[in-house]
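In each ligand, atom 1 is the first atom listed, and ligand 1 is the first ligand listed.
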Amino acid sequence: MPERFRAPTGTSDVLPPESRRWGALVARFATLVERSGYGLVSTPLFEDVGVFTRVGEGTDVVRKEMYDFEDKGGRRLALRPEGTAPVVRAWVEHRAPLPWKTWYVAPAFRYERPQAGRYRQHLQLGIEVLGTPDADVDVEVISLLWDLYTGLGLQRALLLINSLGDPVCRPAYLDSLLAYLEERRESLCDEHRTRWAENPLRVLDCKREKCREATRNAPRMVDALCGPCAEHFERVQDGLGALGIPFAIETRLVRGLDYYTRTTFEVQASALESAQNGIGGGGRYDGLVELLGGPPTPGIGFGTGVERVLLACDAEGVFPVPASPVQVFVVDSTGGEEARDLTAELRRAGVACDRAYDGRSMKAQFRAADRSGARLAVVVGTEERASGKVKVQALDADRTELVDRAEVVAHVRRVLGG
Ligand code: HAM
């Protein structure tokens, strides 16, 4: 027996009809952001590993979880663990006019310990805006994420925002945080007792009780913002308020990537387990373009994982699998030519239709018709064929009409349209 394979650990196949929901979510997202002036950017699935190591050296995503490898030409490459750095790399390479408003739908890869809502491959939807420091863009980006979720019907979504300051105010804040942590080093969790100095902000974000307790009264970045950062953060809050978007300030919100400056945000689904309840998030990264070799250029964006969003929808019982688009099913007991030709005619006339194959029995064809979700069956039997007619049968009601074969496309369109 040949070996049977399974999808690799932490990955999964998405099959119909569930895949229709994925398609619908991506289509909704595309419509939402395209209508707001964002254009699709498609970058390679893999990049020079430096694109990611340059921007995320201090993060688990880059240090521990990256799928990096050498190709046959000896280049060090990595499967993208996230979508922001590739978009920034693409802008530095092509220099499109600013502001550059982009969106993407892209699989991302992280070698994580798989569990519900945490996979080694996930599908990320995101937007990135390069080239403007305007706080109103922060509001626009956050509101698009919020509107996506509310549009799906999610009601138990919680928006958390924070400001991480900028190179003017953050260094002094980090000094005060380091001094605070130094004094409490023995009370931190096992991981952070030894690894706190390289990225003290991450200790604030640690979910372990020891760290949470030890940092309860830690200095807060929001209290240490310089004038321009404080003003920016105020303007973002005013904007969210004006748009009727509820939010809470979470001073511990640091997020798992290192490139953030000023506004950071995350949406949590309270219907999900807390370890994987972050369904989307993002923030400003005003230094990232420079880090990847471009001129000083501010940026902001978000990413949201399709799998987690759909888990949140399941938990709230919203955004079900959309109905099948098939409207008509052609049933043919005369040998299949009529099914072949009628299906093509109907499809060319814009009617969504399907058929069965292999000369199956009428009963089997009607079963397939029911499964297809079609409203109408167009039935061709020997008798109908001899008299130049076809039968149009409503599948959800007891109604049948005999129609001229030459008229059937127009008839079906009338019935479906009405
Ligand atoms: P992130 O928070 O690492 O941010 O990921 C964004 C979203 O991707 C998460 O909120 C979650 O929905 C989903 N996600 C992340 N990792 C996994 C996983 N292992 N399994 C399933 N879903 C996952 C970023 O990636 C940033 N690039 C977001 C951003 C865009 N910031 C600025 N612009």
Side-chain angles (χ1 to χ4, degrees), residues 9-12 14 22 25 29 33 38 41 43 47 51-52 55-56 59-62 64-67 79-91 100-130 137-138 140-142 144-145 148-149 152 154 157-162 164 202 205 253-269 272-289 298-313:
T9 304
T11 69
S12 47
V14 186
W22 286 51
L25 176 54
F29 180 71
V33 295
Y38 293 72
V41 166
T43 63
E47 295 274 354
V51 170
F52 305 111
V55 306
T59 66
D60 284 355
V61 171
V62 168
K64 297 195 206 152
E65 299 167 0
M66 206 151 60
Y67 278 88
L79 301 186
R80 80 162 82 76
E82 62 102 42
T84 309
V87 169
V88 170
R89 194 271 308 142
W91 184 79
W100 200 43
K101 306 213 306 183
T102 66
W103 70 276
Y104 48 86
V105 46
F109 304 84
R110 299 180 187 181
Y111 193 82
E112 305 211 60
R113 197 168 60 77
Q115 49 198 298
R118 193 174 290 280
Y119 312 106
R120 293 191 174 165
Q121 173 174 346
H122 71 276
L123 185 63
Q124 217 179 95
L125 302 172
I127 64 176
E128 311 292 345
V129 184
L130 298 187
V137 173
D138 304 34
E140 173 173 311
V141 166
I142 296 173
L144 286 170
L145 185 61
L148 173 72
Y149 296 149
L152 296 172
L154 289 174
L158 196 66
L159 170 63
L160 305 175
I161 64 169
N162 191 19
L164 293 180
R202 193 123 303 130
D205 204 28
L253 183 69
V254 169
R255 303 196 28 78
L257 293 150
D258 272 350
Y259 45 61
Y260 293 112
T261 53
R262 293 196 165 171
T263 316
T264 52
F265 55 92
E266 185 162 292
V267 177
Q268 299 184 345
L272 293 181
E273 285 276 317
S274 73
Q276 273 75 242
N277 70 356
I279 53 176
R284 269 204 170 272
Y285 43 83
D286 292 345
L288 188 56
V289 176
I300 179 167
F302 68 68
T304 179
V306 166
E307 296 83 355
R308 278 198 204 169
V309 171
L310 292 178
L311 281 175
C313 289

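- For ligand 1, the polar-atom distance check against Gln124 finds a nitrogen or oxygen pair separated by under 3.5 Å.
- In this structure, of Tyr111, Tyr260, Tyr259, the residue bringing a heavy atom nearest to atom 31 (N) of ligand 1 is Tyr260.
- Electrostatic pairing of Glu112 and Arg120 does not count as a salt bridge here, judged by no charged N lying under 4.0 Å from a carboxylate O.
- For Val61, no heavy-atom contact with ligand 1 is shorter than 4.0 Å.
- Polar contact with ligand 1: present for Gly301 (N/O pair, distance under 3.5 Å).
- Ligand 1 lies within reach of Gly283, whose nearest heavy atom is under 4.0 Å from it.
- Below 3.5 Å of separation, one finds no N or O of Gly282 facing any N or O of ligand 1.
- Between Glu128 and ligand 1, a contact under 3.5 Å exists for at least one N or O pair.
- Ligand 1 lies within reach of Arg255, whose nearest heavy atom is under 4.0 Å from it.
- Not a single heavy atom of Glu307 sits under 4.0 Å from any atom of ligand 1.
- The shortest N or O to N or O distance between Ile127 and ligand 1 is not under 3.5 Å.
- If you check which protein heavy atom lies closest to atom 7 (C) of ligand 1, you get Gly303 O, 3.6 Å.
- Taking any N or O of Thr84, backbone or side chain, at least one lies under 3.5 Å from an N or O belonging to ligand 1.
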